[in-house]
Amino acid sequence: MNQSKSETGTSSPFSAGVVDGISTPPVWVGTANDGVAMVELTKTGSSLSGSLDITAIPENNATTTRSEHIAFTGSVDGTAVTLRIDGAFGSVGSLSGTLTNTEMNLHVPDSNSGTMYTLAMRPGTVEDYNSKVGELQSQARQALTDLQDAQAQASQEAADAETSGQIDSSAAKVNSAYGDLKGTLCAGRLQLLRDRPRDGAR
């Protein structure tokens with residue numbers, strides 16, 4: 001990423017500049033709610049424009065990550081900042097917060113609870129963002145591995161239970177057959193005893 005200033009002293013895209021006396025870095029990185037965000041700024045006077053990149057682990061699927069890239073415009077007045085966006089965090093029209101030369105805090109609505117949380121961002125680099133994205137992706141891969149292991153274990157337990165049930169069923173059949181055989185033998189012996197001539201009988 002190139003950083004330069006124009007001959008007139010105004011800020012060029014993604015270069016550090018001064019807004020209302022505040023020297024503001026061009027790249028900001030922060031984490032919140034199982035995600036990481038990066039803001040890249042272009043400043044012209046008190047007007048802002050740039051892009052917002054977000055990568056997060058969806059609440060309903062911890063085995064993957066989801067990324068968004070959104071352009072924005074905005075403005076800064078003292079330390080108060082407003083970013084007008086379309087598509088991020090559901091369909092939020094704008095984000096407000098504060099901006100200094102060392103931190104950017106954006107108030108973000110939680111689409112699940114309806115409450116607000118603060119996305120705290122600090123000066124950083126694209127490499128910082130990519131590194132944090134890599135950590136999220138590793139976390140998601142581990143969750144996928146854990147899920148697959150749990151599924152494999154459940155399948156094995158089900159197979160073991162089925163095998164055990166088959167063995168129990170076979171044992172029950174053997175016991176039943178053995179019982180039937182004993183009954184048959186006993187009945188045969190009784191019949192022989194009945195049929196044996198008694199002493200003195202002709």
Side-chain angles (χ1 to χ4, degrees), residues 1-62 64-140 143:
M1 189 179 341
N2 295 326
Q3 296 187 3
S4 62
K5 292 185 178 180
S6 65
E7 294 180 357
T8 60
T10 58
S11 302
S12 61
F14 306 125
S15 67
V18 177
V19 177
D20 292 342
I22 300 174
S23 177
T24 306
V27 180
W28 300 81
V29 178
T31 58
N33 288 16
D34 293 327
V36 56
M38 177 178 68
V39 169
E40 293 182 288
L41 289 174
T42 298
K43 299 185 295 293
T44 304
S46 60
S47 298
L48 304 176
S49 63
S51 62
L52 171 63
D53 287 273
I54 307 165
T55 299
I57 296 177
E59 185 173 348
N60 61 349
N61 185 1
T64 187
T65 59
R66 177 185 175 186
S67 297
E68 290 188 77
H69 177 83
I70 310 102
F72 67 81
T73 58
S75 61
V76 60
D77 182 7
T79 60
V81 63
T82 299
L83 303 182
R84 290 177 290 276
I85 58 179
D86 181 21
F89 308 103
S91 57
V92 178
S94 65
L95 297 177
S96 63
T98 58
L99 175 65
T100 70
N101 62 329
T102 58
E103 63 181 5
M104 178 190 298
N105 294 314
L106 297 176
H107 306 308
V108 181
D110 189 317
S111 59
N112 296 306
S113 66
T115 59
M116 302 290 290
Y117 69 89
T118 299
L119 175 60
M121 310 186 77
R122 299 293 182 268
T125 65
V126 175
E127 289 73 19
D128 293 335
Y129 174 75
N130 289 338
S131 177
K132 292 182 181 296
V133 169
E135 293 174 5
L136 280 181
Q137 291 172 339
S138 295
Q139 182 179 334

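Just so you know, these numbers come straight off a predicted model, no measurement behind them.
The heavy-atom pair separating N101 from P123 by the smallest distance is O-CG, 4.1 Å. Closest approach of T31 to K132, counting heavy atoms only: CG2-CD, 3.7 Å. The heavy-atom pair separating S75 from R84 by the smallest distance is OG-NH1, 4.1 Å. Taking each heavy atom of M38 and T125 in turn, the nearest pair found is SD-O, 4.4 Å.
Using a 4.5 Å heavy-atom threshold, the side chains of P25 and R122 count as separate. Considering only heavy atoms from C-beta on, L95 stays 4.5 Å or farther from F72 through its side chain. The closest side-chain heavy-atom distance from L136 to V36 is below 4.5 Å. Residues P58 and T64 meet the side-chain proximity criterion, which asks for heavy atoms closer than 4.5 Å. Side-chain contact between V81 and L106 is present, with heavy atoms from C-beta onward closer than 4.5 Å. With a 4.5 Å cut-off on side-chain heavy atoms, M104 and L41 count as touching. V126 places none of its side-chain heavy atoms less than 4.5 Å from the side chain of D53.
No donor-acceptor contact under 3.5 angstrom links the side chains of D128 and S131, judged on distance only.
Applying the salt bridge (charged side-chain N to carboxylate O under 4.0 Å, His left out) criterion to E127, with sequence neighbours excluded, gives no partner residue. Remark: T55 pairs with S67, Y129 by the side chain to side chain donor-acceptor pair (under 3.5 Å) rule, at least two apart or across chains. Residues passing the salt bridge (charged side-chain N to carboxylate O under 4.0 Å, His left out) test with R66: none are found, sequence neighbours excluded.
With rounding to the nearest 0.5 angstrom, the NZ atom of K43 is 8.0 Å from the CG atom of L99. The structure places CD of E103 at 6.0 Å from OG1 of T98, a figure rounded to the nearest 0.5 Å. To the nearest 0.5 Å, atoms CD (E135) and CD (Q137) are separated by 10.5 Å. Here the CG atom belonging to L52 is positioned 14.0 Å from the CH2 atom belonging to W28, to the nearest 0.5 angstrom.
The closest donor-acceptor contact from the side chain of T118 to the backbone of A120 lies at 3.5 Å or more, if one exists at all.
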- Item | V133/T65 under side chain to side chain contact (heavy atoms under 4.5 Å, CB included): CA gap, chis, key distance, verdict | CA-CA 9 Å; V133 169; T65 59; 6.0 Å; no
